[in-house]
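To start, the structure under review is shown below, and the notes come after it.
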Amino acid sequence: MLVVVMIVAIKVAKWGDVDSLETLLGFEEVTYLAAFLWLAIAGPGAASLDRLLLNATGHPKEST
């Protein structure tokens with residue numbers, strides 16, 4: 001869902017300022033878009049809340 005929000009933000013608020021690919025890639029919304037896409041594809045991994053809770057409770061490592 002956040003990927004869609006960033007696409008809409010770029011289209012609505014920033015699209016008029018785009019004059020080249022360099023300008024488009026310089027927006028922080030594009031950085032957030034890339035981060036959200038990576039998170040959706042790769043998953044949170046060791047930084048996930050459920051992993052931290054499992055480690056804190058002393059449960060053995062679950063298979064991923």
Side-chain angles (χ1 to χ4, degrees):
M1 295 300 286
L2 291 173
V3 170
V4 174
V5 171
M6 287 299 111
I7 291 171
V8 170
I10 292 168
K11 179 68 177 152
V12 172
K14 300 284 188 166
W15 198 251
D17 298 335
V18 175
D19 58 357
S20 68
L21 181 61
E22 183 179 354
T23 306
L24 177 64
L25 295 177
F27 295 144
E28 64 185 29
E29 289 85 359
V30 175
T31 304
Y32 286 126
L33 175 65
F36 294 145
L37 281 173
W38 171 78
L39 187 59
I41 293 169
S48 66
L49 182 60
D50 57 345
R51 176 79 56 93
L52 293 173
L53 289 173
L54 278 175
N55 290 342
T57 58
H59 285 84
K61 197 172 199 176
E62 300 283 328
S63 64
T64 54

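The structure displayed is predicted, hence computed values, not measured ones. Position 1 is the first residue of the sequence, and the numbers go up from there.
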Which donor-acceptor pairs under 3.5 Å do side chains of residues 32-48 form with protein atoms, sequence neighbours excluded?
residue: S48; atom: OG; partner: G45; partner atom: O; Å: 3.0
residue: S48; atom: OG; partner: D50; partner atom: OD1; Å: 2.6
residue: S48; atom: OG; partner: R51; partner atom: N; Å: 3.4

Spell out, yes or no, whether W15 and V8 are grouped together once hydrophobic residues are joined by side-chain heavy atoms under 4.5 Å, including indirect joins.
no
Set of residues satisfying side chain to side chain contact (heavy atoms under 4.5 Å, CB included) with respect to T57, sequence neighbours excluded
H59
In Å and rounded to the nearest 0.5 Å, what is the CD to CE distance from E28 to M6?
9.0 Å
Got L24 and I10 here, is their nearest side-chain heavy-atom distance under 4.5 Å?
yes
